[in-house]
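Below is one structure, written out as structure tokens; the observations come after it.
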2 protein chains.
Amino acid sequence: MSESAPRRRSRASAGLPPITAEKIIDAAVELTAERGLDGWSIRQIATKLDVWPGVVAHHVGDREAVVMAVTDQVIGRIPVPDPDVPWRDWFSSLTFDGRAVLKQYPGVARRLVVVGPNVPSALPTIDTGIKVLLLAGFGDHATEIYRYLLNSAFMLVAVEDDRDSFFPSARADMGRTMAAFAADPTRPGLAAAGAQAVARSEDAEAQDLAFFRLTVERSLDGAEALLKG
Amino acid sequence: MSESAPRRRSRASAGLPPITAEKIIDAAVELTAERGLDGWSIRQIATKLDVWPGVVAHHVGDREAVVMAVTDQVIGRIPVPDPDVPWRDWFSSLTFDGRAVLKQYPGVARRLVVVGPNVPSALPTIDTGIKVLLLAGFGDHATEIYRYLLNSAFMLVAVEDDRDSFFPSARADMGRTMAAFAADPTRPGLAAAGAQAVARSEDAEAQDLAFFRLTVERSLDGAEALLKG
DNA sequence: ACCTGAACACCGTTCAAGT
DNA sequence: ACCTGAACACCGTTCAAGT
């Protein structure tokens with residue numbers, strides 16, 4: 001009974017390459033693509049790399065540090081549009097391309113909006129975007145309008161992520177709830193919404209994209225009103 | 001040594017009033033005001049009511065059910081503005097009053113935006129709001145513009161909550177990051193933002209409120225552009 | 001029906017000990 | 001310096017047993 005479990009040899013003595021912060025973050029990015037930013041645990045990253053959980057803390061830091069590193073990686077994949085296009089086109093490109101990237105990594109949009117310029121990879125975009133607004137004549141409002149336009153678009157992606165992840169039945173439930181009011185004359189507002197819910201037959205992603213388009217267009221118009229006023 | 005721990009008498013045999021779903025939800029609402037919707041555990045609710053954790057599941061359901069009940073309660077406290085005021089005033093009242101309520105219960109704004117009409121207490125507001133937009137002449141766009149205007153305002157409250165809760169240093173960090181670029185001629189966009197960050201001396205809540213006001217005003221203008229177009 | 005009390009399968013973090 | 005291996009203080013959920 002004196003035989004203890006055979007002690008696993010260390011990675012070094014087994015000839016395995018050492019774990020690095022980069023490998024840990026890559027694994028975390030992969031897991032984020034598969035299950036979202038709130039869908040993995042430190043222990044799952046460790047298992048994936050065949051090390052003990054403490055190793056993650058040793059190389060990267062606590063969970064928050066890993067999440068920030070993933071966020072930085074993903075934001076870096078969003079292309080920065082050419083600064084020479086008109087400001088409306090610049091923001092349309094950024095937000096539509098950005099949405100395409102962010103939807104591959106659920107949960108990152110929420111972080112992008114919250115941490116903003118604290119993520120190094122976001123700085124080139126911010127610099128170019130504000131410059132584009134200055135050239136368009138927004139003057140002192142350029143900074144806050146930049147923030148407004150980015151928020152409008154990417155907060156909506158964050159909401160789409162949330163709906164899919166922690167409340168997958170929300171879309172169907174909402175549709176049913178609204179449709180139930182389609183013929184209720186005592187509640188004209190809900191009846192109007194219900195009638196549209198009944199009529200709508202597109203698939204979910206097409207509806208999301210249409211509302212995203214509306215949101216970006218309305219926000220651009222809202223900014224433009226300031227320019228004219 | 002044969003004396004086991006004295007078995008606690010049941011609530012009934014001790015003459016205590018029975019636990020109800022209502023009491024559990026009230027406790028959860030209180031904890032949400034103190035620590036936010038993600039700041040409490042089922043076990044903390046149980047401790048607060050002096051019962052075992054399983055009791056919460058028995059009366060209300062799983063954690064998600066408790067969260068939805070809290071969300072419903074809080075949304076019910078947002079006053080519905082008088083439907084006879086002009087549409088812009090109606091939405092200004094709703095979003096400013098709504099923000100005041102939601103900021104007392106961090107984390108609820110996020111849920112409000114995600115679950116929308118699935119929360120019963122939100123239905124009167126939705127009905128009135130869409131009706132107001134129909135009367136203003138938005139026609140077929142009334143439903144989606146309602147959603148757009150509510151999202152714009154309350155998604156921003158959700159972001160404010162997130163910043164305060166899971167990243168309290170974000171505001172200070174951002175200010176410092178931007179200020180560092182104030183005199184960088186190679187990055188004109190960041191320099192402009194940095195100069196403003198340096199100049200700004202208001203307290204945090206005043207800045208948040210100002211940006212909230214801007215967001216609501218821009219979104220209302222964005223909606224109005226559709227009316228004119 | 002309601003509640004106790006324990007068990008189960010997870011978490012993130014920390015840290016002494018080994019290599 | 002890097003990693004093992006375990007310990008610690010938590011989670012949410014489930015459920016047999018008592019009253």
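Every chain is numbered from 1, with letters handed out A, B, ... down the list of sequences.
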Between atom [atom1] in [X] and atom [atom2] in [N], what is the gap in whole Å?
X        : N       : atom1 : atom2 : answer
Asp38(A) : dG12(C) : CG    : C1'   : 14 Å
Glu64(B) : dC11(D) : CD    : C1'   : 16 Å
Ile42(B) : dA9(C)  : CD1   : P     : 21 Å
Lys23(B) : dC2(C)  : NZ    : P     : 12 Å
Arg63(A) : dG12(C) : CZ    : P     : 6 Å
Ile24(B) : dT13(D) : CD1   : C1'   : 15 Å
His58(A) : dG18(C) : NE2   : C1'   : 14 Å
Leu16(B) : dA1(C)  : CG    : P     : 21 Å

Note to self: Is the positively charged end of Arg63(A) above the ring of Trp40(A), judged by distance under 6.0 angstrom from the centroid and angle within 45° of the axis?
What the structure shows: yes
Next item on the list: For this output row, return yes or no: ring centroids of Tyr148(B) and Phe211(A) closer than 6.0 angstrom.
Entry: no
Notebook entry, point to check: Within the structure shown, what part of the strands sits under 4.0 Å from Arg43(B) by heavy-atom distance: base, sugar-phosphate, or nothing?
Noted result: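 Since a base atom lies under 4.0 Å of Arg43(B), the category is base.
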Check: Could you state the interatomic distance from OG1 (Thr95(A)) to CD1 (Ile78(A)), rounded to the nearest 0.5 Å?
Finding: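 Rounded to the nearest 0.5 Å, the OG1-CD1 separation comes out at 10.5 Å.
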Next item on the list: Ignoring the backbone of Ile19(B), work out which of dC3(D), dC3(C), dT14(C) is nearest its side chain.
Entry: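 Minimum distance to the Ile19(B) side chain belongs to dC3(C).
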Between [X] and [Y], is there a side-chain N and carboxylate O pair less than 4.0 Å apart?
X        : Y         : answer
Arg11(A) : Asp50(A)  : no
Lys23(A) : Asp26(A)  : no
Arg99(A) : Glu205(A) : yes

Notebook entry, point to check: Mapping Gly54(B) and Ser13(B) onto DNA chain D by nearest heavy atom, which one lands closer to the 5' end?
Noted result: Gly54(B)
Next item on the list: Please tell me which of Ala12(B) and Pro53(A) maps to the more 5' nucleotide of DNA chain C, matching each residue to the nucleotide holding its nearest heavy atom.
Entry: Ala12(B)
Measuring to OP1 and OP2 of [N], would you say a side-chain N or O of [X] lies under 4.0 angstrom away?
X        : N       : value
Trp52(B) : dG5(C)  : yes
Ser41(B) : dC11(D) : yes
His59(B) : dC3(C)  : yes
Gln44(B) : dC11(D) : yes

Next item on the list: Could you summarise the pairing of DNA chain C as dot-bracket text, marking Watson-Crick and G-U pairs under 3.5 Å with ( ) or [ ] inside the strand and | across strands?
Entry: ||.|||||...|||||.||
Next item on the list: Compare all side-chain heavy atoms of Lys131(B) with those of Leu190(A) and state whether any distance is below 4.5 angstrom.
Entry: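 SC-SC contact between Lys131(B) and Leu190(A) ruled out.
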